[in-house]
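Atom set for the values below is all heavy atoms of this structure, side chains included, hydrogens, waters and symmetry mates excluded. From a predicted model like this one, the values you see are computed outputs, not experimental measurements. Both counts, for ligands and for their atoms, begin at 1 and track the order of listing.
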Amino acid sequence: MSEDGGKTLDGLARIPSVERLMSSAPFESLIAVHGRIQTIATLRRVLDQCREAAQSTPTSLAQTSYEFFAAQTSALLDADARLRLRPVFNLTGTVLHTNLGRALLPDSAVQAVVDALSRPVNLEFDLDTGARGDRDDLVVPVLRELTGAQAATVVNNNAAAVLLMLAALAPGKEVVVSRGELVEIGGAFRIPDIMSRAGARLREVGTTNRTHLRDYAEAIGPRTALLMKVHASNYAIEGFTHEVELGALARFGREHSLPVAVDLGSGSLVDLAHYGLPKEATVRQTLEAGADLVAFSADKLLGGPQAGLIVGRKDLIAKIKKHPLKRALRVGKLTLAALEPVLQLYRAPEFLRERLTTLRLLTRPTTEMQAAAERLLPVFERAIGPTYTVRVEPMLSQIGSGALPVDLLPSAGLVARRADGKAGERVLLRLEDALRALPRPVIGRIADHALRLDLRCLETADEAVFAAQLASLRL
Ligand SMILES: *Cc1c(COP(=O)(O)O)cnc(C)c1O
(Lines give C-alpha, C1' and ligand atoms only; values in the text may rest on other atoms or scores of the structure.)
Protein backbone atom coordinates (compact mmCIF):
# COMPACT_ATOMS: atom_id res chain seq x y z
CA MET A 1 0.00 0.00 0.00
CA SER A 2 1.26 3.50 -0.84
CA GLU A 3 1.98 6.14 1.76
CA ASP A 4 -1.10 8.01 0.65
CA GLY A 5 -3.18 4.91 1.18
CA GLY A 6 -1.79 4.68 4.68
CA LYS A 7 -2.90 8.25 5.41
CA THR A 8 -6.36 7.50 4.10
CA LEU A 9 -6.70 4.59 6.44
CA ASP A 10 -5.44 6.71 9.29
CA GLY A 11 -7.96 9.38 8.42
CA LEU A 12 -10.80 6.89 8.16
CA ALA A 13 -9.82 5.34 11.42
CA ARG A 14 -10.07 8.73 13.10
CA ILE A 15 -13.77 9.13 12.20
CA PRO A 16 -15.84 8.61 15.33
CA SER A 17 -18.56 5.96 15.23
CA VAL A 18 -22.15 6.86 14.36
CA GLU A 19 -23.23 5.93 17.88
CA ARG A 20 -20.66 8.19 19.55
CA LEU A 21 -21.44 11.07 17.23
CA MET A 22 -25.17 10.73 17.77
CA SER A 23 -24.83 10.85 21.55
CA SER A 24 -22.48 13.86 21.49
CA ALA A 25 -23.66 17.31 22.60
CA PRO A 26 -23.62 19.00 19.15
CA PHE A 27 -25.76 16.21 17.72
CA GLU A 28 -28.23 16.33 20.60
CA SER A 29 -29.26 19.81 19.53
CA LEU A 30 -29.68 18.67 15.92
CA ILE A 31 -31.86 15.77 17.07
CA ALA A 32 -34.00 18.18 19.10
CA VAL A 33 -34.85 20.10 15.92
CA HIS A 34 -34.88 17.50 13.16
CA GLY A 35 -35.61 14.27 15.01
CA ARG A 36 -33.41 11.18 15.43
CA ILE A 37 -34.41 9.40 12.20
CA GLN A 38 -33.61 12.29 9.87
CA THR A 39 -30.46 13.22 11.75
CA ILE A 40 -28.95 9.73 11.65
CA ALA A 41 -29.79 9.29 7.96
CA THR A 42 -28.19 12.62 7.15
CA LEU A 43 -25.13 11.90 9.29
CA ARG A 44 -24.64 8.65 7.36
CA ARG A 45 -24.69 10.64 4.12
CA VAL A 46 -22.06 13.00 5.54
CA LEU A 47 -19.86 10.08 6.62
CA ASP A 48 -20.16 8.43 3.22
CA GLN A 49 -19.13 11.68 1.56
CA CYS A 50 -16.14 12.00 3.89
CA ARG A 51 -15.00 8.45 3.23
CA GLU A 52 -15.31 8.99 -0.49
CA ALA A 53 -13.36 12.24 -0.31
CA ALA A 54 -10.67 10.57 1.76
CA GLN A 55 -10.27 7.83 -0.84
CA SER A 56 -9.62 10.23 -3.71
CA THR A 57 -7.67 12.95 -1.88
CA PRO A 58 -6.13 11.40 1.22
CA THR A 59 -5.31 14.71 2.87
CA SER A 60 -8.88 15.96 2.58
CA LEU A 61 -9.89 14.33 5.84
CA ALA A 62 -8.14 16.95 7.92
CA GLN A 63 -11.11 17.46 10.24
CA THR A 64 -12.56 14.71 12.35
CA SER A 65 -14.01 16.63 15.30
CA TYR A 66 -17.58 16.11 16.49
CA GLU A 67 -18.24 19.78 15.73
CA PHE A 68 -17.07 19.31 12.16
CA PHE A 69 -19.49 16.43 11.54
CA ALA A 70 -22.31 18.26 13.31
CA ALA A 71 -21.79 21.34 11.15
CA GLN A 72 -21.81 19.26 7.96
CA THR A 73 -24.89 17.36 9.05
CA SER A 74 -26.65 20.54 10.13
CA ALA A 75 -26.01 22.20 6.76
CA LEU A 76 -27.48 19.22 4.90
CA LEU A 77 -30.46 19.01 7.25
CA ASP A 78 -31.17 22.73 6.79
CA ALA A 79 -30.90 22.46 3.01
CA ASP A 80 -33.36 19.56 2.99
CA ALA A 81 -35.75 21.33 5.35
CA ARG A 82 -35.88 24.48 3.25
CA LEU A 83 -39.26 24.80 1.56
CA ARG A 84 -39.25 24.47 -2.18
CA LEU A 85 -42.09 26.92 -2.64
CA ARG A 86 -40.63 30.25 -1.63
CA PRO A 87 -41.30 33.96 -2.06
CA VAL A 88 -39.33 35.58 -4.89
CA PHE A 89 -39.04 39.07 -6.30
CA ASN A 90 -40.88 39.23 -9.60
CA LEU A 91 -38.88 41.80 -11.55
CA THR A 92 -39.71 40.26 -14.91
CA GLY A 93 -42.05 43.09 -15.81
CA THR A 94 -44.94 40.65 -16.21
CA VAL A 95 -47.43 41.42 -13.46
CA LEU A 96 -49.64 38.31 -13.75
CA HIS A 97 -46.77 35.85 -14.25
CA THR A 98 -48.21 32.33 -14.42
CA ASN A 99 -44.90 30.70 -13.42
CA LEU A 100 -44.62 33.02 -10.42
CA GLY A 101 -48.14 32.40 -9.16
CA ARG A 102 -50.16 35.13 -10.97
CA ALA A 103 -52.18 37.52 -8.81
CA LEU A 104 -50.98 38.62 -5.37
CA LEU A 105 -53.75 38.75 -2.82
CA PRO A 106 -54.76 41.79 -0.81
CA ASP A 107 -54.41 41.70 2.98
CA SER A 108 -58.13 41.12 3.60
CA ALA A 109 -57.91 37.89 1.58
CA VAL A 110 -54.70 36.82 3.31
CA GLN A 111 -56.34 37.27 6.72
CA ALA A 112 -59.42 35.29 5.67
CA VAL A 113 -57.20 32.42 4.50
CA VAL A 114 -55.25 32.46 7.76
CA ASP A 115 -58.54 32.24 9.70
CA ALA A 116 -59.85 29.41 7.54
CA LEU A 117 -56.59 27.49 7.82
CA SER A 118 -56.74 26.76 11.50
CA ARG A 119 -60.41 27.05 12.46
CA PRO A 120 -63.57 25.28 11.39
CA VAL A 121 -65.58 27.30 8.88
CA ASN A 122 -69.15 27.13 7.53
CA LEU A 123 -67.91 25.81 4.18
CA GLU A 124 -71.05 23.76 3.49
CA PHE A 125 -73.19 24.73 6.42
CA ASP A 126 -76.08 27.17 6.33
CA LEU A 127 -75.80 29.29 9.47
CA ASP A 128 -79.39 30.56 9.13
CA THR A 129 -81.09 27.18 9.07
CA GLY A 130 -78.44 24.87 10.50
CA ALA A 131 -78.90 22.68 7.43
CA ARG A 132 -76.29 21.53 4.98
CA GLY A 133 -75.14 24.32 2.65
CA ASP A 134 -73.55 24.65 -0.77
CA ARG A 135 -69.99 25.99 -0.91
CA ASP A 136 -70.73 27.95 -4.09
CA ASP A 137 -73.34 29.96 -2.20
CA LEU A 138 -70.59 31.72 -0.25
CA VAL A 139 -69.73 33.77 -3.33
CA VAL A 140 -72.84 33.52 -5.51
CA PRO A 141 -74.60 36.63 -4.09
CA VAL A 142 -71.58 38.90 -4.61
CA LEU A 143 -70.90 37.41 -8.06
CA ARG A 144 -74.52 38.07 -9.04
CA GLU A 145 -74.30 41.62 -7.77
CA LEU A 146 -71.05 42.31 -9.64
CA THR A 147 -71.95 40.67 -12.95
CA GLY A 148 -75.74 40.80 -13.11
CA ALA A 149 -75.78 37.02 -13.65
CA GLN A 150 -78.68 34.84 -12.51
CA ALA A 151 -76.41 32.13 -11.13
CA ALA A 152 -72.76 31.16 -10.68
CA THR A 153 -70.46 28.29 -9.80
CA VAL A 154 -66.79 28.01 -8.86
CA VAL A 155 -64.20 25.42 -9.91
CA ASN A 156 -60.45 24.92 -9.73
CA ASN A 157 -59.41 27.17 -12.64
CA ASN A 158 -60.76 28.50 -15.91
CA ALA A 159 -59.54 25.46 -17.86
CA ALA A 160 -61.71 23.36 -15.52
CA ALA A 161 -64.60 25.80 -16.00
CA VAL A 162 -64.48 25.39 -19.78
CA LEU A 163 -64.08 21.60 -19.51
CA LEU A 164 -67.04 21.35 -17.16
CA MET A 165 -69.22 23.64 -19.25
CA LEU A 166 -68.61 21.52 -22.34
CA ALA A 167 -68.98 18.19 -20.54
CA ALA A 168 -72.28 19.24 -18.98
CA LEU A 169 -73.87 21.00 -21.93
CA ALA A 170 -72.59 19.22 -25.01
CA PRO A 171 -71.83 15.52 -24.27
CA GLY A 172 -71.61 13.67 -27.57
CA LYS A 173 -72.79 16.77 -29.36
CA GLU A 174 -71.28 19.49 -31.48
CA VAL A 175 -69.93 22.82 -30.29
CA VAL A 176 -69.46 25.47 -32.93
CA VAL A 177 -66.31 27.62 -32.62
CA SER A 178 -64.70 30.04 -35.05
CA ARG A 179 -61.31 28.91 -36.41
CA GLY A 180 -59.89 32.26 -35.37
CA GLU A 181 -60.65 31.37 -31.74
CA LEU A 182 -59.11 27.88 -31.58
CA VAL A 183 -56.27 29.12 -29.45
CA GLU A 184 -53.63 27.54 -27.26
CA ILE A 185 -53.32 29.42 -23.98
CA GLY A 186 -49.95 28.08 -22.83
CA GLY A 187 -49.40 25.24 -20.40
CA ALA A 188 -51.19 22.97 -22.90
CA PHE A 189 -54.66 24.48 -22.74
CA ARG A 190 -55.93 24.05 -26.29
CA ILE A 191 -59.58 24.47 -27.09
CA PRO A 192 -59.72 21.45 -29.46
CA ASP A 193 -58.13 19.18 -26.81
CA ILE A 194 -60.40 20.37 -24.01
CA MET A 195 -63.33 19.84 -26.33
CA SER A 196 -62.49 16.19 -27.01
CA ARG A 197 -61.67 15.51 -23.34
CA ALA A 198 -65.08 16.87 -22.46
CA GLY A 199 -66.67 14.41 -24.88
CA ALA A 200 -67.93 17.16 -27.17
CA ARG A 201 -67.28 17.42 -30.90
CA LEU A 202 -65.66 20.53 -32.21
CA ARG A 203 -67.31 22.05 -35.27
CA GLU A 204 -64.91 24.64 -36.66
CA VAL A 205 -66.32 27.44 -38.75
CA GLY A 206 -64.83 30.25 -40.83
CA THR A 207 -61.11 30.78 -41.35
CA THR A 208 -58.29 31.89 -39.09
CA ASN A 209 -58.80 35.56 -39.87
CA ARG A 210 -62.44 35.82 -40.95
CA THR A 211 -65.64 34.25 -39.70
CA HIS A 212 -69.16 35.39 -40.63
CA LEU A 213 -72.59 34.67 -39.24
CA ARG A 214 -73.39 32.62 -42.36
CA ASP A 215 -70.53 30.28 -41.41
CA TYR A 216 -72.30 29.54 -38.12
CA ALA A 217 -75.64 29.22 -39.97
CA GLU A 218 -74.19 26.58 -42.30
CA ALA A 219 -72.66 24.62 -39.42
CA ILE A 220 -75.59 24.19 -37.06
CA GLY A 221 -77.91 21.22 -37.18
CA PRO A 222 -79.67 18.68 -34.97
CA ARG A 223 -76.36 17.64 -33.40
CA THR A 224 -75.42 21.16 -32.32
CA ALA A 225 -75.57 21.78 -28.56
CA LEU A 226 -73.66 24.99 -28.01
CA LEU A 227 -72.10 28.00 -29.71
CA MET A 228 -68.87 29.07 -28.10
CA LYS A 229 -66.69 32.15 -28.30
CA VAL A 230 -63.15 32.11 -26.96
CA HIS A 231 -61.14 35.17 -26.01
CA ALA A 232 -57.95 35.11 -28.10
CA SER A 233 -55.99 36.13 -24.96
CA ASN A 234 -52.28 35.82 -25.69
CA TYR A 235 -52.71 36.29 -29.39
CA ALA A 236 -53.86 39.14 -31.61
CA ILE A 237 -55.36 38.81 -35.08
CA GLU A 238 -54.76 41.95 -37.07
CA GLY A 239 -55.27 43.16 -40.62
CA PHE A 240 -57.97 41.67 -42.86
CA THR A 241 -60.12 40.20 -40.13
CA HIS A 242 -63.74 39.68 -39.24
CA GLU A 243 -65.36 38.03 -36.28
CA VAL A 244 -69.02 37.76 -35.45
CA GLU A 245 -69.81 40.14 -32.60
CA LEU A 246 -71.13 38.45 -29.50
CA GLY A 247 -74.44 40.35 -29.72
CA ALA A 248 -75.12 39.07 -33.22
CA LEU A 249 -74.11 35.51 -32.31
CA ALA A 250 -76.33 35.62 -29.22
CA ARG A 251 -79.35 36.74 -31.29
CA PHE A 252 -78.60 33.95 -33.76
CA GLY A 253 -78.35 31.47 -30.88
CA ARG A 254 -81.70 32.54 -29.45
CA GLU A 255 -83.37 32.19 -32.85
CA HIS A 256 -82.16 28.59 -32.96
CA SER A 257 -82.53 27.81 -29.25
CA LEU A 258 -78.78 27.30 -28.90
CA PRO A 259 -77.00 28.64 -25.82
CA VAL A 260 -73.91 30.79 -26.32
CA ALA A 261 -70.97 30.26 -23.97
CA VAL A 262 -67.98 32.60 -23.77
CA ASP A 263 -64.53 31.67 -22.49
CA LEU A 264 -63.51 35.18 -21.49
CA GLY A 265 -60.05 34.17 -20.21
CA SER A 266 -58.99 36.97 -17.94
CA GLY A 267 -62.47 38.25 -17.24
CA SER A 268 -62.42 41.70 -15.72
CA LEU A 269 -65.18 42.80 -13.37
CA VAL A 270 -64.59 46.53 -13.91
CA ASP A 271 -63.97 48.70 -16.92
CA LEU A 272 -60.18 48.90 -16.89
CA ALA A 273 -60.27 52.04 -19.01
CA HIS A 274 -61.48 53.88 -15.86
CA TYR A 275 -58.08 53.13 -14.37
CA GLY A 276 -56.11 54.19 -17.42
CA LEU A 277 -55.62 50.61 -18.62
CA PRO A 278 -56.51 49.19 -22.03
CA LYS A 279 -60.19 48.52 -22.54
CA GLU A 280 -61.50 44.98 -22.14
CA ALA A 281 -65.12 43.77 -22.15
CA THR A 282 -66.21 43.09 -18.56
CA VAL A 283 -68.08 39.98 -17.49
CA ARG A 284 -71.24 42.07 -17.00
CA GLN A 285 -70.97 43.55 -20.51
CA THR A 286 -70.44 40.06 -21.93
CA LEU A 287 -73.64 38.85 -20.26
CA GLU A 288 -75.49 41.99 -21.34
CA ALA A 289 -74.36 41.40 -24.92
CA GLY A 290 -76.29 38.13 -24.73
CA ALA A 291 -73.91 35.40 -23.53
CA ASP A 292 -75.78 32.65 -21.71
CA LEU A 293 -72.66 31.57 -19.84
CA VAL A 294 -69.31 33.23 -19.21
CA ALA A 295 -66.25 31.41 -17.86
CA PHE A 296 -63.21 33.28 -16.55
CA SER A 297 -60.16 33.00 -14.27
CA ALA A 298 -60.10 34.40 -10.75
CA ASP A 299 -56.32 34.87 -10.64
CA LYS A 300 -55.78 36.95 -13.76
CA LEU A 301 -57.10 40.52 -14.02
CA LEU A 302 -59.61 39.81 -11.26
CA GLY A 303 -56.69 39.65 -8.81
CA GLY A 304 -57.85 36.73 -6.67
CA PRO A 305 -56.80 33.15 -5.94
CA GLN A 306 -56.60 30.42 -8.59
CA ALA A 307 -60.17 29.51 -9.50
CA GLY A 308 -62.49 29.34 -12.48
CA LEU A 309 -65.83 31.11 -12.35
CA ILE A 310 -68.85 30.32 -14.47
CA VAL A 311 -71.72 32.80 -14.40
CA GLY A 312 -74.93 32.97 -16.39
CA ARG A 313 -78.32 31.42 -16.92
CA LYS A 314 -79.81 29.66 -13.92
CA ASP A 315 -80.96 26.52 -15.76
CA LEU A 316 -77.58 26.03 -17.42
CA ILE A 317 -75.65 26.58 -14.19
CA ALA A 318 -77.95 24.07 -12.46
CA LYS A 319 -77.13 21.51 -15.13
CA ILE A 320 -73.40 22.21 -14.76
CA LYS A 321 -73.57 21.82 -10.99
CA LYS A 322 -75.22 18.41 -11.32
CA HIS A 323 -72.43 17.00 -13.50
CA PRO A 324 -70.10 14.59 -11.63
CA LEU A 325 -67.04 16.51 -12.85
CA LYS A 326 -68.18 19.48 -10.77
CA ARG A 327 -67.41 17.44 -7.65
CA ALA A 328 -63.98 16.52 -9.00
CA LEU A 329 -63.14 20.10 -9.96
CA ARG A 330 -64.53 21.92 -6.94
CA VAL A 331 -62.41 24.37 -4.96
CA GLY A 332 -61.26 24.03 -1.37
CA LYS A 333 -62.04 26.28 1.57
CA LEU A 334 -58.80 28.24 1.23
CA THR A 335 -59.73 29.29 -2.28
CA LEU A 336 -63.19 30.41 -1.22
CA ALA A 337 -61.78 32.16 1.83
CA ALA A 338 -59.49 34.18 -0.45
CA LEU A 339 -62.02 34.74 -3.22
CA GLU A 340 -64.84 36.25 -1.20
CA PRO A 341 -62.91 39.25 0.21
CA VAL A 342 -61.39 39.94 -3.21
CA LEU A 343 -64.87 40.04 -4.77
CA GLN A 344 -66.06 42.27 -1.90
CA LEU A 345 -63.42 44.85 -2.85
CA TYR A 346 -65.16 45.36 -6.19
CA ARG A 347 -68.23 46.63 -4.38
CA ALA A 348 -66.31 49.85 -3.65
CA PRO A 349 -64.70 50.53 -7.04
CA GLU A 350 -63.44 53.95 -5.92
CA PHE A 351 -60.98 52.22 -3.54
CA LEU A 352 -60.13 49.36 -5.85
CA ARG A 353 -56.94 50.85 -7.25
CA GLU A 354 -55.51 51.20 -3.79
CA ARG A 355 -56.86 47.98 -2.22
CA LEU A 356 -56.62 45.39 -4.98
CA THR A 357 -52.95 44.48 -5.28
CA THR A 358 -53.12 43.50 -8.95
CA LEU A 359 -54.77 46.76 -9.96
CA ARG A 360 -52.37 48.76 -7.80
CA LEU A 361 -49.39 47.16 -9.54
CA LEU A 362 -50.89 47.55 -13.00
CA THR A 363 -51.64 51.25 -12.46
CA ARG A 364 -48.45 52.30 -10.65
CA PRO A 365 -47.22 55.59 -12.08
CA THR A 366 -43.91 55.32 -13.95
CA THR A 367 -42.44 58.00 -11.68
CA GLU A 368 -42.63 55.56 -8.74
CA MET A 369 -40.61 52.87 -10.53
CA GLN A 370 -38.20 55.55 -11.75
CA ALA A 371 -37.66 56.87 -8.21
CA ALA A 372 -37.20 53.33 -6.83
CA ALA A 373 -34.65 52.55 -9.54
CA GLU A 374 -32.68 55.68 -8.69
CA ARG A 375 -32.73 54.83 -4.99
CA LEU A 376 -31.54 51.27 -5.64
CA LEU A 377 -28.98 52.05 -8.34
CA PRO A 378 -25.98 52.67 -6.04
CA VAL A 379 -26.66 49.58 -3.86
CA PHE A 380 -27.10 47.35 -6.89
CA GLU A 381 -24.05 48.76 -8.62
CA ARG A 382 -21.89 48.12 -5.56
CA ALA A 383 -23.25 44.59 -5.11
CA ILE A 384 -22.60 43.40 -8.65
CA GLY A 385 -19.18 45.04 -9.02
CA PRO A 386 -17.17 46.50 -11.89
CA THR A 387 -17.84 43.67 -14.38
CA TYR A 388 -21.14 45.36 -15.13
CA THR A 389 -22.46 48.83 -15.80
CA VAL A 390 -25.86 49.66 -14.41
CA ARG A 391 -28.31 52.28 -15.57
CA VAL A 392 -31.83 53.35 -14.75
CA GLU A 393 -33.86 52.95 -17.92
CA PRO A 394 -37.45 53.13 -19.05
CA MET A 395 -39.01 49.77 -19.88
CA LEU A 396 -42.36 48.26 -20.74
CA SER A 397 -44.25 45.93 -18.43
CA GLN A 398 -46.82 43.39 -19.51
CA ILE A 399 -50.08 42.52 -17.84
CA GLY A 400 -49.43 38.82 -18.41
CA SER A 401 -51.51 35.63 -18.36
CA GLY A 402 -52.74 36.36 -21.84
CA ALA A 403 -54.54 39.51 -20.76
CA LEU A 404 -54.33 42.25 -23.39
CA PRO A 405 -51.08 40.94 -24.89
CA VAL A 406 -50.39 43.82 -27.23
CA ASP A 407 -50.82 46.53 -24.62
CA LEU A 408 -47.65 47.36 -22.73
CA LEU A 409 -47.38 49.53 -19.64
CA PRO A 410 -44.60 52.14 -19.39
CA SER A 411 -42.32 51.32 -16.47
CA ALA A 412 -38.72 51.78 -15.29
CA GLY A 413 -36.01 49.69 -13.73
CA LEU A 414 -32.36 48.73 -13.50
CA VAL A 415 -30.45 47.52 -16.53
CA ALA A 416 -27.08 45.76 -16.19
CA ARG A 417 -24.74 45.30 -19.15
CA ARG A 418 -21.21 43.97 -19.53
CA ALA A 419 -18.77 46.73 -18.74
CA ASP A 420 -16.36 45.48 -21.43
CA GLY A 421 -19.02 46.03 -24.09
CA LYS A 422 -18.64 42.50 -25.45
CA ALA A 423 -21.66 40.64 -26.76
CA GLY A 424 -21.37 37.21 -25.04
CA GLU A 425 -24.21 36.49 -22.64
CA ARG A 426 -22.36 34.18 -20.24
CA VAL A 427 -21.45 37.05 -17.97
CA LEU A 428 -25.10 38.13 -17.86
CA LEU A 429 -26.28 34.60 -17.20
CA ARG A 430 -23.89 34.44 -14.25
CA LEU A 431 -25.50 37.56 -12.79
CA GLU A 432 -28.94 36.14 -13.43
CA ASP A 433 -27.96 32.92 -11.60
CA ALA A 434 -26.50 34.82 -8.66
CA LEU A 435 -29.66 36.89 -8.27
CA ARG A 436 -31.71 33.71 -8.36
CA ALA A 437 -29.54 32.20 -5.62
CA LEU A 438 -30.29 35.00 -3.13
CA PRO A 439 -32.31 34.12 0.01
CA ARG A 440 -35.35 35.64 -1.67
CA PRO A 441 -34.57 34.93 -5.32
CA VAL A 442 -34.68 37.88 -7.70
CA ILE A 443 -36.14 37.00 -11.09
CA GLY A 444 -35.27 39.39 -13.90
CA ARG A 445 -35.10 39.02 -17.63
CA ILE A 446 -32.28 39.05 -20.18
CA ALA A 447 -33.03 40.84 -23.43
CA ASP A 448 -30.91 42.76 -25.92
CA HIS A 449 -27.61 41.88 -24.19
CA ALA A 450 -28.76 43.28 -20.87
CA LEU A 451 -30.23 41.98 -17.64
CA ARG A 452 -33.39 43.94 -16.91
CA LEU A 453 -35.07 44.35 -13.55
CA ASP A 454 -38.48 45.98 -13.97
CA LEU A 455 -39.37 47.55 -10.61
CA ARG A 456 -43.14 47.71 -11.15
CA CYS A 457 -43.76 44.73 -8.85
CA LEU A 458 -41.27 45.80 -6.16
CA GLU A 459 -43.54 47.69 -3.82
CA THR A 460 -41.95 50.32 -1.59
CA ALA A 461 -42.42 48.19 1.53
CA ASP A 462 -40.23 45.46 0.00
CA GLU A 463 -37.43 47.70 -1.19
CA ALA A 464 -35.42 47.42 2.03
CA VAL A 465 -35.44 43.60 1.92
CA PHE A 466 -34.38 43.70 -1.71
CA ALA A 467 -31.51 46.07 -0.99
CA ALA A 468 -30.33 44.36 2.21
CA GLN A 469 -29.96 40.89 0.73
CA LEU A 470 -27.82 42.21 -2.13
CA ALA A 471 -24.94 42.20 0.37
CA SER A 472 -24.97 38.39 0.18
CA LEU A 473 -24.81 38.28 -3.62
CA ARG A 474 -22.11 35.79 -4.74
CA LEU A 475 -20.94 36.28 -8.27
C1 LIG B 1 -56.05 31.81 -19.20
C2 LIG B 1 -57.10 31.28 -20.05
C3 LIG B 1 -57.62 30.00 -19.83
C4 LIG B 1 -57.11 29.12 -18.74
O5 LIG B 1 -57.43 29.65 -17.49
P6 LIG B 1 -56.75 29.06 -16.18
O7 LIG B 1 -57.43 29.82 -15.08
O8 LIG B 1 -55.32 29.33 -16.30
O9 LIG B 1 -57.07 27.61 -16.15
C10 LIG B 1 -58.62 29.55 -20.64
N11 LIG B 1 -59.09 30.32 -21.66
C12 LIG B 1 -58.61 31.56 -21.90
C13 LIG B 1 -59.17 32.33 -23.05
C14 LIG B 1 -57.60 32.08 -21.12
O15 LIG B 1 -57.11 33.30 -21.34
Side-chain angles (χ1 to χ4, degrees), residues 94-105 139 143 152-167 169 175 177-198 200 202 208 211 226-237 243 246 249 260-269 272 277-278 280-283 285-286 291 293-312 320 325-326 328-332 334-336 338-339 342-343 358 362 398-407:
T94 300
V95 177
L96 297 168
H97 199 301
T98 298
N99 304 144
L100 302 181
R102 290 196 186 158
L104 307 178
L105 295 190
V139 289
L143 275 172
T153 187
V154 189
V155 287
N156 182 57
N157 54 19
N158 189 36
V162 174
L163 176 74
L164 179 60
M165 219 160 53
L166 294 168
L169 303 180
V175 180
V177 187
S178 161
R179 286 205 169 86
E181 297 170 12
L182 293 177
V183 293
E184 173 178 312
I185 316 283
F189 177 89
R190 288 177 164 193
I191 292 295
D193 296 343
I194 295 276
M195 194 79 74
S196 61
R197 292 289 161 191
L202 171 64
T208 305
T211 301
L226 190 67
L227 307 176
M228 187 159 89
K229 271 185 90 64
V230 183
H231 193 292
S233 291
N234 52 8
Y235 159 78
I237 311 175
E243 68 166 320
L246 175 59
L249 189 65
V260 174
V262 178
D263 171 8
L264 202 52
S266 218
S268 182
L269 293 176
L272 294 172
L277 290 168
E280 175 87 334
T282 64
V283 176
Q285 286 162 351
T286 307
L293 287 172
V294 183
F296 55 104
S297 292
D299 58 350
K300 293 186 180 173
L301 283 174
L302 196 147
Q306 181 191 303
L309 306 174
I310 311 175
V311 299
I320 286 170
L325 266 183
K326 160 66 181 162
L329 300 172
R330 76 180 184 190
V331 291
L334 302 185
T335 301
L336 288 162
L339 182 59
V342 169
L343 292 172
T358 297
L362 289 174
Q398 292 194 349
I399 297 177
S401 286
L404 313 165
V406 285
D407 295 293

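- An N or O contact shorter than 3.5 Å links Asn158 to ligand 1 by distance.
- Judged purely by atom type and a 3.5 angstrom limit, Thr335 has no side-chain atom pairing as donor or acceptor with the backbone of Val331.
- For ligand 1 and His231, the ligand atoms under 4.0 Å from any heavy atom of the residue are 13 (C).
- Close contacts of ligand 1 with Lys300, meaning ligand atoms under 4.0 Å from a residue heavy atom, involve 1 (C), 2 (C), 3 (C), 5 (O), 14 (C), 15 (O).
- Set against the non-hydrogen atoms of Ala159, the atoms of ligand 1 under 4.0 Å away are 4 (C), 5 (O), 6 (P), 9 (O).
- When heavy-atom distances to ligand 1 are checked against a 4.0 Å cut-off, Arg102 comes that close only through its side chain, counted from C-beta outward.
- Which parts of ligand 1 touch Asp263 is read off a 4.0 Å heavy-atom cut-off, strictly below it: atoms 10 (C), 11 (N), 12 (C), 13 (C).
- For the pair Asp263/Phe189, a side-chain contact is recorded, criterion being any heavy-atom separation below 4.5 Å from C-beta on.
- There is no side-chain donor-acceptor pair under 3.5 Å between Thr208 and Arg179.
- Proximity of Gln306 to ligand 1, defined as any heavy-atom pair under 4.0 Å, is not found for any part of the residue.
- Counting the atoms of ligand 1 from 1 in the order shown, those under 4.0 Å from a heavy atom of Ser297 are 5 (O), 6 (P), 7 (O).
- Minimum heavy-atom separation, Lys326 to Ile320: CB-O, 3.7 Å.
- No option in Leu343, Leu309, Leu301, Val342 other than Leu343 meets the side chain to side chain contact (heavy atoms under 4.5 Å, CB included) test with Leu269.
- Put simply, the side chain of Leu302 does not reach to within 4.5 Å of the side chain of Ser268, judged on heavy atoms.
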